[in-house]
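Starting from 1, each residue takes its place in the sequence as its number. Atoms within each ligand, like the ligands themselves, are counted from 1 in listed order.
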Amino acid sequence: MPEAANPNTQRGQGKQSTRSLFKLSYELASRYTEELDAREVVPGAEAIAGLDEFHEPLPLAGTNPESVINMLDRAGSPATVASTGGRFFGFVVGGALPVAIAAQWLATAWDQNAGSWALAPGAAELETVAARWLLELLDLPRDAAVGFVTGSTMGTFSALACARSALLTRMGYNVKHQGLTGAPQLKVVATDEIHPTNLSALGHLGFGLDDVQYCPTDDQGRIVPTQMPALGPDTIVVLQAGNINSGSFDPFEDVCQIARAAGAWVHVDGAFGLWARASASKRHLTKGIELADSWSVDGHKWLNLPQDSAIYACRDPEAVQEVFGVDATYLMRDTRREPNNYVPELSRRARGVEFWAALRTLGKSGVEDLVDRNCAHAQQFLQGLESAGYEILNDVVLNQVVFACDTEAKTKAALARIQSSGVTWLGPTTWRNRLCMRISVSSWATTTHDVERSLSVMQRAIQAEP
Ligand SMILES: *Cc1c(COP(=O)(O)O)cnc(C)c1O
């Protein structure tokens with residue numbers, strides 16, 4: 001063998017240089033986090049222009065890893081959105097708990113293939129523990145199967161695959177073996193308030209979006225049970241816990257009772273709203289949710305885990321095994337919980353680690369406090385915006401506030417003013433056919449002072465000339 005040309009892939013690189021590389025990354029990440037509060041919430045033109053540095057030709061020869069990490073920080077860090085800071089209220093993204101980031105770093109160094117117990121005993125057991133804790137915290141059936149996925153889109157995708165398999169199995173049809181062609185037709189009932197990612201999930205599974213039966217909603221975006229079409233053993237109902245705009249919850253108890261009597265399947269998209277269940281004062285919003293058949297919820301939103309983290313739970317573990325169970329001699333399966341048998345992919349990172357670390361750190365009361373604090377901040381926004389002259393367009397029951405000026409032109413002008421402030425950021429939405437602005441409070445880092453600073457920008461913005 002000729003000498004390898006690239007010193008970075010050689011053993012000689014040494015323990016010392018690995019340690020100094022890790023230290024460099026740690027220092028830069030720590031500095032990034034410390035400076036977050038002082039910088040603009042969204043990157044300015046200069047930071048975006050700085051990304052040009054990445055657009056270089058494919059390097060023919062290697063370089064030293066320190067310079068790569070330094071370049072990543074130099075050009076990459078300024079071009080980030082400070083969504084993990086305290087004054088980003090756009091979308092529903094959540095921050096990232098320091099302990100979850102730290103746990104992810106360690107788990108990244110482990111580089112476990114968390115799909116398999118034999119390959120990753122520690123990661124697999126942490127998933128088992130996290131799954132048990134999550135079912136208890138969210139008060140879902142304790143024997144539900146839990147899969148760790150990338151996000152709620154994949155959570156819903158996975159749950160709906162199980163729903164389809166279970167309903168067709170009850171009709172004596174095995175979709176895994178017999179395929180979709182010739183399968184009995186299933187119906188999907190949802191509302192026009194359904195989150196668009198649920199439509200993606202349905203589409204990936206081969207449900208025709210034109211076939212979805214959209215059911216009317218009330219002024220908060222909640223399904224109206226009396227106006228639902230007839231449900232049957234061939235029906236999947238998709239509900240939501242936490243409307244992306246208003247934060248409202250569908251009336252689970254009423255719908256689930258109808259669905260149960262009809263033999264239908266109910267899936268709940270609880271991407272952020274399912275965490276309301278951890279709060280004694282918000283829990284009433286989720287009444288009857290435990291009667292559903294499957295649920296999806298993000299870790300990377302309101303639990304404040306780093307991105308790429310969610311779970312789904314399914315009442316019917318047999319359906320989960322039917323859909324996702326994989327076996328081969330080399331996988332060395334025995335009676336242990338095999339993480340990949342709950343999700344679409346085999347090889348993957350150890351997502352359970354961050355769930356475990358966050359729950360171990362916060363405890364039940366810490367999750368409750370996180371939810372309650374963000375909901376209290378939403379109330380603070382509600383009052384401040386109202387007294388500034390904005391119109392509030394939703395019942396602020398959770399962490400979401402939808403508001404507007406009296407004309408669309410003024411709303412646009414105010415939004416532009418807020419978005420360019422550098423102090424705070426939120427986005428537009430259409431709510432009940434009206435252009436609005438939307439606040440989502442979902443970061444552990446947000447303080448009362450952050451809300452006050454943001455409100456002062458919003459109070460000035462309503463004066464903006466269209
Ligand atoms: C964010 C969100 C989704 C999609 O979740 P991802 O984690 O982005 O895949 C689905 N439904 C609701 C209500 C959401 O807020």
Side-chain angles (χ1 to χ4, degrees), residues 81 83-84 88-96 100 134 138 146-161 188 190-205 209 212 217 220-223 236-250 252 266-277 282 285-286 289 292 294-313 343-345 348-349 351 354-355 358 371 374-375 378 394 397-402 426-431 438-443:
V81 171
S83 50
T84 198
F88 184 85
F89 305 106
F91 305 82
V92 187
V93 281
L134 287 163
L138 300 171
V146 176
F148 290 74
V149 290
T150 51
S152 274
T153 308
M154 281 309 288
T156 293
F157 171 86
S158 305
L160 294 179
V188 177
T191 71
D192 43 19
E193 284 292 326
I194 186 174
H195 193 273
T197 57
N198 292 344
L199 296 177
S200 314
L202 286 164
H204 300 326
L205 287 164
L209 300 189
V212 174
T217 51
Q220 297 302 312
R222 294 171 294 220
I223 197 167
I236 299 172
V237 185
V238 182
L239 299 181
Q240 56 187 344
N243 180 291
I244 193 70
N245 288 312
S246 68
S248 70
F249 292 70
D250 281 325
F252 306 111
V266 176
H267 173 70
V268 180
D269 167 13
F272 61 97
L274 200 60
W275 296 107
R277 210 144 160 87
K282 299 292 166 196
L285 297 166
T286 68
I289 208 169
S294 56
W295 309 262
S296 48
V297 59
D298 276 312
H300 58 208
K301 287 183 182 167
W302 218 353
L303 188 58
N304 279 245
L305 303 187
Q307 296 305 312
D308 191 347
S309 199
I311 60 155
Y312 80 97
V343 294
E345 69 269 82
R348 65 180 171 83
R349 67 184 194 87
R351 291 196 185 96
E354 294 120 63
F355 273 100
V371 169
N374 285 165
C375 291
N394 67 322
V397 292
L398 201 67
N399 63 327
Q400 304 287 113
V401 186
V402 182
L426 48 77
T429 193
T430 301
W431 178 242
R438 181 182 68 185
I439 284 174
S440 171
V441 194
S442 54
S443 175

- Message: With side chain to side chain contact (heavy atoms under 4.5 Å, CB included) as the criterion, how do S294 and H267 come out once you've worked through the C-alpha distance, each side chain's angles and the decisive distance to 0.1 Å?
- Response: CA-CA 5 Å; S294 56; H267 173 70; 2.8 Å; yes
- Query: Does the pair F89 and S440 meet the rule for a side chain to side chain contact (heavy atoms under 4.5 Å, CB included), with working shown?
  - Reply: CA-CA 5 Å; F89 305 106; S440 171; 5.6 Å; no
- Report the relative orientation of the aromatic rings in F252 and F249; use parallel for angles under 30°, tilted for 30 to 60°, perpendicular for over 60°. perpendicular
- Task: Report the C-alpha separation of T286 and R277 in whole Å, then their side-chain angles, then the decisive distance to 0.1 Å, and conclude whether the side-chain hydrogen bond (donor to acceptor under 3.5 Å, both in side chains) test is met.
- Result: CA-CA 6 Å; T286 68; R277 210 144 160 87; 2.7 Å; yes
- With no hydrogens and no angle check, do the side chains of S296 and T156 hold a donor and an acceptor under 3.5 Å apart? yes
- State which residues pass side chain to side chain donor-acceptor pair (under 3.5 Å) with E354; sequence neighbours excluded, sorted by chain then number. Q104, R349
- Task: Output the set of protein residues with a heavy-atom contact under 4.0 Å to ligand 1, ordered first by chain identifier and then by residue number.
- Result: G151, S152, T153, H195, T197, G242, I244, D269, A271, F272, D298, H300, K301
